[in-house]
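In what follows, a single structure is set out as structure tokens and then discussed.
Here is the naming used below: chain letters follow the sequence lines, and residue numbers restart at 1 for every chain.
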Number of protein chains: 2
Amino acid sequence: MEIRNSRPLDSLYTTFDYIARNKDKAMPKSITRTYSRYTREACSLLGGLIRAARKEHKLTVQEVADRAGVSRGLLQRIEKGDLKCEIGVVFEVATIVGVQLFDTDESTLRKHIRQTEDKLALLPKSVRKKTRVVHDEF
Amino acid sequence: MEIRNSRPLDSLYTTFDYIARNKDKAMPKSITRTYSRYTREACSLLGGLIRAARKEHKLTVQEVADRAGVSRGLLQRIEKGDLKCEIGVVFEVATIVGVQLFDTDESTLRKHIRQTEDKLALLPKSVRKKTRVVHDEF
DNA sequence: TGTTTATGGTTTATATATGAAACAAAGGAG
DNA sequence: CTCCTTTGTTTCATATATAAACCATAAACA
């Protein structure tokens with residue numbers, strides 16, 4: 001077998017490690033997610049707002065992708081409302097083209113974060129579910 | 001080398017295929033993303049809102065994770081504002097615990113989608129950047 | 001109209017997010 | 001105080017999202 005890769009040994013070592021680690025592990029199951037209509041439509045709307053904002057700023061898909069440090073294909077998926085993109089990247093792109101998340105500026109955002117932290121501090125640390133069965137057979 | 005996996009041959013075949021396919025391909029570069037402060041804070045706020053809403057509904061992390069069809073660990077990352085989660089999952093969890101995205105109900109959301117589509121229909125299909133150099137040396 | 005460029009699809013190989021399990025610690029309920 | 005459950009971590013193997021490279025088409029502008 002001829003290896004012409006720029007990092008051939010790394011690849012081989014990784015492969016052998018992979019085999020060694022795998023020898024007695026169980027296989028995980030494949031996942032198919034379901035999304036509510038509201039979720040799908042919210043993502044679709046966010047993508048549409050991003051696309052509209054980008055065009056209003058007369059920016060090319062490639063330009064926005066470059067600014068976000070992201071590939072052109074990924075940005076196109078985001079604008080189509082693809083559900084399986086990193087939320088950080090989607091939010092970053094939205095910020096770049098000027099789509100406000102939460103309809104607030106940065107200082108208001110920070111105020112909301114503080115309010116949420118305060119509210120969380122008042123709530124119980126853990127949620128108790130099962131009320132113990134009362135033994136009253138006496 | 002001893003293989004005791006439940007699907008040992010599959011693993012081996014996959015591995016050999018991997019080596020065969022890789023022999024003359026370039027290695028992609030590793031990606032380290034940067035996020036703006038606004039993006040990080042927006043994700044953090046959303047996670048906090050989800051955690052607060054979950055506790056107000058007296059729901060366990062495990063319960064919400066089950067309803068969303070997601071692992072407990074992932075939900076905890078979402079509530080911590082992790083940027084590298086699928087946006088669909090984050091939005092789904094938000095919907096489950098009652099955090100409104102875009103601060104609108106479903107019908108209003110659909111109205112906004114229609115408005116965005118209308119706006120997009122009016123905008124040019126593609127953004128032209130370079131104005132051709134005018135040849136007027138006559 | 002012709003030409004150039006943007007967009008929208010592919011495909012392929014990696015990088016990495018996710019699920020699962022195990023563990024410790026802590027916080028409520030009794 | 002004493003359980004028992006929830007939470008918060010960690011590790012690891014796979015499933016899958018992403019980058020990169022194509023090609024085809026469409027659309028803007030001279």
Item to complete: Answer yes or no: does a side-chain N or O of Arg72(B) lie under 4.0 Å from OP1 or OP2 of dG19(C)?
Response: no

Between dA17(D) and Lys84(A), is there an OP1 or OP2 to side-chain N/O distance shorter than 4.0 Å?
yes

Considering only heavy side-chain atoms of Glu86(B), the closest of dG28(C), dT7(D), dT18(C) is dT18(C)

Taken to the nearest whole Å, CG/Leu74(A) to P/dG8(C) is 14 Å

Q: Answer yes or no: is there an ion pair linking Glu63(A) with Arg67(A), defined by an N-O contact shorter than 4.0 Å?
A: no

When rounded to whole Å, the CD to P distance for the pair Gln62(A) and dT5(C) reads 14 Å

Assign each of Val70(B) and Gly73(A) the nucleotide of DNA chain C bearing its closest heavy atom; nearer the 5' end lies the nucleotide of Gly73(A)

From the list Glu92(B), Glu106(B), Gln100(B), Arg110(B), side-chain hydrogen bond (donor to acceptor under 3.5 Å, both in side chains) with Tyr38(A) holds only for Gln100(B)

Separation of dT6(D) atom C1' from Leu75(B) atom CG, nearest Å, is 13 Å

Does Lys129(A) use its side chain to pair, donor to acceptor, with the backbone of Lys58(B) at less than 3.5 Å? yes

Requested in this report: Could you tell me whether Ser71(B) contacts a base, only the sugar-phosphate backbone, or nothing, with contacts defined as non-hydrogen atoms closer than 4.0 Å?
Outcome: base

query = Side-chain N or O of Lys55(A) less than 4.0 angstrom from OP1 or OP2 on dT7(C)?
reply = no

Rounded to whole Å, CG of Asp66(A) lies from C1' of dT18(D) at a distance of 15 Å

By nearest-heavy-atom nucleotide on DNA chain D, the more 5' of Lys125(A) and Arg77(A) is Lys125(A)

N/O (side chain, Arg33(B)) to phosphate O (OP1/OP2, dA19(D)) under 4.0 Å: yes

Side-chain contact check for Gln76(B): nearest option of dT18(C), dA28(D), dT9(D) is dT9(D)

Quick note, Cys85(A) side chain, CB onward, closest among dT18(D), dG28(C), dA6(C) is dT18(D)

Rounded to whole Å, the NZ-P distance (Lys58(B) to dG28(C)) equals 11 Å

Testing dA6(C), dG9(C), dT7(D) for proximity to the side chain of Lys80(A), the answer is dG9(C)

Taken to the nearest whole Å, CD1/Ile78(B) to P/dG8(D) is 14 Å

When rounded to whole Å, the CD1 to C1' distance for the pair Ile87(A) and dT18(C) reads 16 Å

Rounded to whole Å, CD of Glu79(A) lies from C1' of dG9(C) at a distance of 15 Å

Per nearest nucleotide of DNA chain D, the residue lying toward the 5' end, Leu123(B) or Asp82(A), is Asp82(A)

- Within one Ile-Leu-Val-Met-Phe-Trp-Tyr cluster: Phe102(B) and Ile87(A), side-chain cutoff 4.5 Å: yes

Please check if any side-chain donor atom of Tyr35(B) sits under 3.5 Å from a side-chain acceptor atom of Glu86(A), or the reverse. yes

